[in-house]
Trainee: 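Have a look at this one before I ask anything.
Note on naming: letters A, B, ... go to the chains in the order of the sequence lines (proteins, then strands), and numbering restarts at 1 for each one.
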Number of protein chains: 2
Amino acid sequence: MRMARTQGSHSSSTGPKIRAAAQSLFAQRGFAAVSMRQIAAQVGVQAGALYNYTPDKQALLFDLMRQHMEELLSARRAEALAIVNEGASHALERFARFHIRFHLDRPDAVFIAYMELRNLTEPHFEQIETLRRAYEQELKDILSAGVKAGDFVITDLGVATRAVIAMLTGVTTWYNDSGALSRAEVEDVYWHMVRKSVAR
Amino acid sequence: MRMARTQGSHSSSTGPKIRAAAQSLFAQRGFAAVSMRQIAAQVGVQAGALYNYTPDKQALLFDLMRQHMEELLSARRAEALAIVNEGASHALERFARFHIRFHLDRPDAVFIAYMELRNLTEPHFEQIETLRRAYEQELKDILSAGVKAGDFVITDLGVATRAVIAMLTGVTTWYNDSGALSRAEVEDVYWHMVRKSVAR
DNA sequence: GTCTATACACCGATAGAC
DNA sequence: GTCTATCGGTGTATAGAC
């Protein structure tokens with residue numbers, strides 16, 4: 001039986017809307033628990049229409065994660081490029097504050113990037129992992145330079161890099177804008193701890 | 001059509017087997033992506049038999065998480081009770097090494113405890129959260145005592161507590177027994193960083 | 001580009017035999 | 001306590017009209 005068309009936006013902005021809806025739902029409930037029908041409902045289209053924008057559900061997840069990681073890496077590199085010849089300690093402070101700020105600004109994307117890695121197919125996983133390692137390397141280079149300059153004392157460079165990132169990223173699991181501390185105060189607290197953790 | 005019985009263990013150990021299978025599968029693929037049929041297949045029973053042991057799928061997840069958190073808390077308290085009158089620095093070292101050891105020994109349970117909180121119903125979530133806060137308090141008490149004694153300098157006690165736990169728990173995301181570092185070496189590296197992060 | 005409709009598979013949970 | 005069988009629902013993805 002043929003039915004009259006009941007809705008449908010024919011909008012050229014459907015693509016971004018799908019991405020936004022998927023990001024919000026994936027972060028809230030998890031990739032596996034969200035259906036294409038739920039994403040479509042949030043956008044205001046039927047489920048079949050989503051396949052004009054993504055070959056499948058998993059590719060939608062991958063696009064979100066890749067965009068997030070590329071944004072993270074390029075934002076970091078842009079900030080690093082703007083500064084030249086600063087000491088290792090200032091570079092570390094810049095990295096720590098950047099990391100906190102960037103992550104607190106994007107709670108949904110951050111959550112997905114950390115929780116949904118196992119839902120990527122192998123080639124997609126590899127691409128995300130490459131981006132993650134490149135970002136990690138940014139911090140590793142700072143720590144390495146600080147050790148060479150005698151500013152830092154670090155037992156194992158790789159472990160220290162991951163430890164600092166884990167500590168900083170942890171802020172996303174508890175920070176709330178309506179809590180007792182402002183973002184600037186949180187940045188300060190973490191920066192002091194990071195600084196001391198690699199100090200002489 | 002009635003069929004002949006084809007398998008079924010009638011084993012009294014089915015309960016533990018179900019828990020083990022669920023833990024392994026939930027950790028690998030995520031709670032929402034695992035079906036009761038898959039768990040049953042790994043145990044060697046039919047899906048319906050699982051409901052002799054759990055009222056529903058979500059209660060199975062909760063039991064795993066509660067057991068893990070209770071084990072974590074009681075193991076920590078048992079170790080703390082065995083020691084009296086040690087300084088804050090030694091207490092912190094003990095906590096750091098305990099945390100790393102306990103978490104590296106239970107990668108599946110740890111992964112589930114951190115990733116699947118959102119799949120708990122509200123009353124179950126509250127119970128797990130209470131246990132998590134009690135464990136966090138163990139570290140907070142150590143840090144607090146160290147500040148009072150003048151051993152530590154900490155800007156914000158709550159943030160520092162969460163930062164140290166996040167740093168230590170991070171070891172589970174990369175450590176591999178066949179890697180370059182032994183568990184003892186990893187403990188040392190993290191302990192040195194934790195110690196300095198709260199130092200004067 | 002979106003719709004309606006549907007193919008085909010799988011889901012959690014339950015009923016009742018043994 | 002486990003089985004077989006099934007209920008009612010939902011899943012991803014696709015086909016074809018407009």
Trainee: Just jot down the side-chain hydrogen bond (donor to acceptor under 3.5 Å, both in side chains) partners of A/Tyr175, sequence neighbours excluded, or say none.
Mentor: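 A/Tyr175: side-chain hydrogen bond (donor to acceptor under 3.5 Å, both in side chains) contacts with A/Asp177.
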Trainee: What is the distance from CG of A/Asn119 to C1' of D/dT12, rounded to the nearest Å?
Mentor: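 Taking atom C1' of D/dT12 as the reference, CG of A/Asn119 is at 14 Å.
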Trainee: Tell me every residue that passes side-chain hydrogen bond (donor to acceptor under 3.5 Å, both in side chains) with B/Tyr135, counting only those two or more places apart in sequence or in another chain.
Mentor: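 If we apply the side-chain hydrogen bond (donor to acceptor under 3.5 Å, both in side chains) test to B/Tyr135, skipping adjacent residues, the hits are B/His99.
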Trainee: Whether the side chain of A/Lys196 engages the backbone of B/Val153 through a donor-acceptor N/O pair (distance < 3.5 Å, no angle test) should be reported.
Mentor: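 Yes, the answer is positive, given that a donor and an acceptor are paired below the 3.5 Å cut-off.
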Trainee: Could you pull out all residues at least two apart from A/Arg132 that satisfy salt bridge (Lys or Arg N to Asp or Glu O under 4.0 Å)?
Mentor: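 Scan of A/Arg132 (salt bridge (Lys or Arg N to Asp or Glu O under 4.0 Å), adjacent residues dropped) gives A/Glu129, A/Glu136.
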Trainee: Could you list the residues that satisfy side-chain hydrogen bond (donor to acceptor under 3.5 Å, both in side chains) with B/Glu71, not counting sequence neighbours?
Mentor: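 Expected list: B/Arg106.
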Trainee: Check each residue of residues 29-40 of chain A for a non-hydrogen atom within less than 4.0 Å of any atom in DNA chain D, then write out the ones that pass by number, or none.
Mentor: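 Result for residues 29-40 of chain A: A/Val34, A/Ser35, A/Met36, A/Arg37, sorted by number.
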Trainee: Please table the atom pairs, donor to acceptor, closer than 3.5 Å between any side-chain atom in residues 140-152 of chain A and protein atoms at least two apart or in another chain.
Mentor:
| unit_1 | atom_1 | unit_2 | atom_2 | d |
| --- | --- | --- | --- | --- |
| A/Asp141 | OD1 | A/Gln137 | NE2 | 2.8 |
| A/Ser144 | OG | A/Lys148 | NZ | 3.3 |

Trainee: Does any residue of residues 48-68 of chain A have a heavy atom under 4.0 Å from DNA chain C, and if so, which ones, in number order?
Mentor: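 Result for residues 48-68 of chain A: A/Ala49, A/Asn52, A/Tyr53, sorted by number.
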Trainee: Once ring pair (Phe, Tyr, Trp, His ring centres under 6.0 Å) is applied, do any residues pair with B/Phe26, and if so which ones, sequence neighbours excluded?
Mentor: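 By the ring pair (Phe, Tyr, Trp, His ring centres under 6.0 Å) rule, B/Phe26 matches B/Phe31.
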Trainee: Which side-chain N or O atoms in residues 78-89 of chain B pair as donor and acceptor under 3.5 Å with protein atoms at least two apart or in another chain?
Mentor:
| unit_1 | atom_1 | unit_2 | atom_2 | d |
| --- | --- | --- | --- | --- |
| B/Glu86 | OE1 | B/Arg94 | NE | 3.3 |
| B/Glu86 | OE1 | B/Arg94 | NH2 | 3.1 |
| B/Glu86 | OE2 | B/Arg94 | NE | 3.2 |

Trainee: Tell me whether the OP1 or OP2 atom of D/dG1 has a side-chain N or O from B/Thr14 closer than 4.0 Å.
Mentor: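 B/Thr14 to D/dG1 OP1/OP2: no side-chain N or O under 4.0 Å.
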Trainee: Counting only side-chain N and O atoms of B/Gln46, is one of them less than 4.0 Å from OP1 or OP2 of D/dT2?
Mentor: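 Answer no for this pair, as no side-chain N or O of B/Gln46 is under 4.0 Å from OP1 or OP2.
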